[in-house]
Structure formats: structure tokens, C-alpha cells
Colleague: 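Handing you a structure now.
Letters A, B, ... are given to chains in the order of the sequence lines, protein chains preceding strands, and every chain is numbered from 1.
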Amino acid sequence: MPELPEIETIVKGLRSELIHDVISHAVVLREASIGHPSNEDFVRQLPGHEIERVKRRGKYILIELSDKASLVIHLKMSGRLLLKKKKSKHNKFLRVFLTLKSGRELHFEDMRVFGRMWYFGSNQKPEDKIKGLNTMGVEPLDHLDIKYLKPLLKKKTAPIKNVIMDQTIIAGVGNIYADESLFLAGIKPARKAGSLKDSEMKTLIESIIKVLTTAIKAGGSSMKDYTNLEGVNGNYMSQSFVYRRTGQNCRKCKTQIERIKIGGRSTHFCPCCQK
DNA sequence: GGCTTATCCTGGGCGC
DNA sequence: TGCGCCCAGGATAAGC
């Protein structure tokens, strides 16, 4: 389940490998993996474009192409982008692949098929078609501070975990890093967001930034569905405090980590360290 | 408006 | 071994 650090790692890889390469051919093996335009237009319009820039916005990968066109990718649950040699063996979860002028192929694999790719021509803005891009909140590593967060949390009765995972408030934080950030901040995930004191908000912001920065340095998480561009797992999960550690001892106080459901998502926390 | 729940989807784990 | 059930979860729509 790629979140901000995993996407950042992939984007860095794409940036160092693909800039100035040219898409020569596009093949769609599963139509539902294309969000826009039609399957036929996607394979017809994409070839010939040079890759000029690669950016990240939240969990979206934005590839700027020549002629002011763009390719947007969201990996959702299990999507992977892999750079392979020409005519490499196809994984059974391969949904789309692009052949490049350099002779390589960019494979989009997606086991649980929630991931999407969108192509936009020169006069089209991705944010007009992709709602999530249009309503995206701040980038936590750039503009997240108490001045921004405090008015948004005020009077909110939803659990704080739901709020920090809300992409319209903070971009890129998902289940793993929400649990880890709340542990570091010493805040129970079920707490009403509006009940946080200023000092707790400040600690939470610092924790989110610290967790994401640490994960980026580690090359992302090591969940089985995630790898970087070369197919290598990151190693953040080996150092997680609470995520997927139900029943194991807390690394700080030795109390058993508990798991509950918040917003339909598995939530892991230490009942002793988090208040 | 704010919040919760259902939906999409499929491989893996588990019990029988 | 094979079957059925449950779980995982990001974004969005629907419902309360």
C-alpha cells in the first residue's frame, strides 16, 4: 500500500531514469486500469511524447510530457511501477506497459486492480478530471504547521486518525504512517480531533514529518505489495512501532500493541503510551 | 456540513 | 488437497 514515502522513492527513480526518454508504444492489458481517456485513445495518443518532468502530489505520480501533455498514475492498494528490459517476461498482474525509445519498458503491475493511469492532452488539466488532485490538502513535508492545522481540527468530532488520513487535509498520509505518527505523538487514534491541545497538535505535526522523513530515507515500507522501480523492497517496516504489531510488546513500554477498527481501517496503538 | 458506511477487487491465510 | 470465508485498504459515493 504505497503512501507518500513509497511514491517519493518511485518518483525519484523515475526522474533519474526516464527524463528525455520517449514513449514509443503503449499496451493496455486491462481496460479498467485506464481512468482517462478511452483505452483506444490512450494507446493512440501516448506514443511520441518525450518525458520532461516527474513530480509527486500526495500519492499521485505526475509525469509531464512534451506538448504540455501529462500522464498521471495512482498505485492505490497494490500498484507497482517497474522499469524492465525490452520484452521482459510479463507478470500475471501486468495491466499496462509502455515501450520506451531507449529500449526499456515501464510496467504497471496491479494485483488488486484499484490503481489507475490517466493521459491528458495539451489542453487538459488533470485536476479537472481527477477530483482527488483538485481537493488535495497540504504537502506535509512542505507546508504543514499548526497555523494551518488548528482551524481545520477545531470542532471536529471525527477520530484524529481519520483526519490525518483525509487527503483533503494532509496529502499522502495513509494507514501505516497515520498509526506510526500517532504512536510517536503519544495520541490515541480514536481521540476526537477537536479535543487535541495546541501542544499535542504541534507534537503530532512533528511526528508526521519525522515518520515520513525516516521512511523516505529507508526507501519506503517493506509491505509485500511495494517495491521501488527496480523491484526492491524498502525497509521501513522492520522498524515500525505499532503497525502490524498486534499482540507484540511495545518497543517503549513493553505493553501489548492492540488493534481496533477506525473508519473501517485496522488501527494499531499502544494503550499505555498513547493517551 | 460532518460523519459513517458501502463499494470496488483479488490474493493470501486460515479453518474445516 | 480443495473449498469457503474473511481480511487487507485508497478514494469516492451514498446515506444518515
Side-chain angles (χ1 to χ4, degrees), chain A residues 1-8 10 29-36 56-62 72-81 91-96 108-118 126-137 139-140 149 151-182 189-196 208 212 215 220-227 233 236-237 240 242-247 257-269:
Chain A
M1 53 213 76
E3 300 180 25
L4 188 153
E6 291 76 36
I7 303 300
E8 184 66 26
I10 292 165
L29 300 172
R30 187 180 182 279
E31 284 191 35
S33 295
I34 304 301
H36 179 82
R56 178 190 61 75
R57 180 75 175 101
K59 298 172 198 170
Y60 289 87
I61 298 166
L62 310 172
V72 181
I73 303 165
H74 198 306
L75 301 176
K76 293 282 183 99
M77 290 292 301
S78 56
R80 303 201 302 173
L81 281 178
N91 180 295
K92 67 173 176 173
F93 305 123
L94 182 63
R95 310 302 180 193
V96 181
F108 174 53
E109 297 175 358
D110 190 16
M111 183 183 80
R112 286 178 232 178
V113 298
F114 283 4
R116 291 286 180 277
M117 294 178 97
W118 298 262
E127 54 271 29
D128 290 343
K129 186 79 183 174
I130 304 172
K131 192 184 169 189
L133 267 180
N134 198 29
T135 58
M136 189 80 70
E139 284 294 330
L149 197 60
L152 293 174
L153 296 195
K154 198 180 171 185
K155 292 183 181 173
K156 269 210 183 291
T157 57
I160 183 63
K161 168 157 178 179
N162 285 5
V163 175
I164 61 173
M165 282 178 65
D166 185 339
Q167 301 300 298
T168 68
I169 295 176
I170 304 173
V173 176
N175 207 34
I176 301 172
Y177 299 111
D179 281 3
E180 291 295 298
S181 301
L182 286 163
R191 278 267 302 277
K192 287 181 180 178
S195 76
L196 265 64
I208 291 170
L212 294 176
S221 83
S222 64
M223 294 306 295
K224 63 184 184 325
D225 290 333
Y226 165 75
T227 62
N233 284 54
Y236 178 80
M237 284 301 291
S240 83
V242 288
Y243 189 76
R244 290 268 173 105
R245 294 194 66 242
T246 311
I257 301 300
E258 292 184 8
R259 185 177 69 137
I260 54 171
K261 285 266 184 185
I262 293 179
R265 300 287 172 255
S266 282
T267 300
H268 312 77
F269 70 101

Colleague: CE of A:Met77 versus C1' of B:dT7: gap in Å, rounded?
Modeller: 14 Å
Colleague: Can you name the nearest heavy-atom pair linking A:Glu139 to A:Arg57, along with the distance?
Modeller: OE2-NH1, 3.0 Å
Colleague: Can you check the A:Ile262 CD1 to B:dT5 P distance for me, whole Å?
Modeller: 12 Å
Colleague: Between atom CD1 in A:Ile61 and atom P in C:dG10, what is the gap in whole Å?
Modeller: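 Checked: the CD1 to P distance equals 15 Å.
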Colleague: Considering every strand and a 4.0 Å limit on heavy-atom distances, what is the contact class for A:Lys261: base, sugar-phosphate, or nothing?
Modeller: sugar-phosphate
Colleague: Locate the shortest heavy-atom distance separating A:Pro2 from A:Leu75; write the atom from each residue and the value.
Modeller: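 Closest approach of A:Pro2 to A:Leu75: CG-CB, 3.7 Å.
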Colleague: State the CZ-CD1 distance between A:Arg56 and A:Ile7, to the nearest 0.5 angstrom.
Modeller: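 It is 8.5 Å, given to the nearest 0.5 Å.
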Colleague: Taking atom types as they are modelled, is there a donor-acceptor pair under 3.5 Å from the base of C:dA8 to the side chain of A:Arg265?
Modeller: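 Side chain to base: no pair below 3.5 Å.
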Colleague: Answer yes or no as to whether C:dA11 has its base stacked against A:Phe114, where stacking requires a ring-centre separation under 5.5 angstrom and planes under 30 degrees apart.
Modeller: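 A:Phe114 ring does not meet the centre or angle cut-off for C:dA11; no stack.
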Colleague: Is the phosphate of C:dG9 approached by A:Tyr243 (side-chain N or O, under 4.0 Å from OP1 or OP2)?
Modeller: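 Affirmative; the distance criterion is met.
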Colleague: Does B:dC3 have OP1 or OP2 under 4.0 Å away from a side-chain N or O of A:Lys156?
Modeller: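 Yes, because at least one side-chain N or O of A:Lys156 sits under 4.0 Å from OP1 or OP2 of B:dC3.
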Colleague: Rounded to whole angstroms, how far apart are CE on A:Met111 and C1' on B:dG13?
Modeller: 12 Å
Colleague: When the distance from CG of A:Leu75 to P of B:dC8 is rounded to whole Å, what number comes out?
Modeller: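 Rounding to the nearest Å, CG of A:Leu75 and P of B:dC8 are 22 Å apart.
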Colleague: With respect to the side chain of A:Thr157, which nucleotide from B:dG2, C:dA11, C:dA8 is positioned closest?
Modeller: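 Closest nucleotide to the A:Thr157 side chain: B:dG2.
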Colleague: For A:His74 and C:dA11, is the shortest distance between a side-chain N/O and OP1 or OP2 below 4.0 Å?
Modeller: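 Yes, A:His74 has a side-chain N/O under 4.0 Å of OP1/OP2 on C:dA11.
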Colleague: Between P on C:dA11 and CZ on A:Arg112, what's the gap in Å once rounded to a whole number?
Modeller: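 Rounding to the nearest Å, CZ of A:Arg112 and P of C:dA11 are 15 Å apart.
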Colleague: Go through B:dC9, C:dA13, C:dG10 for me and flag the one nearest to the A:Val113 side chain.
Modeller: B:dC9
Colleague: Between A:Asn162 and B:dT4, is there a contact of a side-chain N or O with OP1 or OP2 at under 4.0 Å?
Modeller: yes
Colleague: Could you say whether A:Arg259 or A:Ile130 is positioned toward the 5' end of DNA chain C, judged by the nucleotide with the nearest heavy atom to each?
Modeller: A:Arg259
Colleague: Can you tell me how far C1' of C:dG10 sits from CE of A:Met165, to the nearest Å?
Modeller: 8 Å
Colleague: Phosphate oxygens OP1/OP2 of C:dC7: is one of them under 4.0 Å from a side-chain N or O of A:Ser266?
Modeller: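 It does not, given that no N or O in the side chain of A:Ser266 lies less than 4.0 Å from OP1 or OP2 of C:dC7.
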Colleague: Atom NZ of A:Lys154 to atom P of B:dG2: distance rounded to whole Å?
Modeller: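 So the NZ-P distance, A:Lys154 to B:dG2, works out to 13 Å.
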Colleague: With respect to A:Lys156, which candidate in A:Asn162, A:Ile169, A:Asp166 satisfies the side chain to side chain contact (heavy atoms under 4.5 Å, CB included) definition?
Modeller: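 Single side chain to side chain contact (heavy atoms under 4.5 Å, CB included) partner of A:Lys156 among A:Asn162, A:Ile169, A:Asp166: A:Ile169.
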Colleague: Verify the contact: side-chain N or O of A:Lys76 to OP1 or OP2 of B:dC8, cut-off strictly under 4.0 Å; return yes or no.
Modeller: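 No, A:Lys76 has no side-chain N/O under 4.0 Å of OP1/OP2 on B:dC8.
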Colleague: Identify the two heavy atoms, one from A:Val113 and one from A:Ser78, that lie closest to each other, and give their separation to 0.1 Å.
Modeller: N-OG, 4.2 Å
Colleague: Applying a 4.0 Å non-hydrogen cut-off, can you work out what A:Gly264 is touching in the nucleic acid: base, sugar-phosphate, or nothing?
Modeller: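 Counting heavy atoms under 4.0 Å across all strands, no contact is made by A:Gly264.
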Colleague: Side-chain donor-acceptor pair under 3.5 Å between A:Tyr60 and A:Glu127, yes or no?
Modeller: no
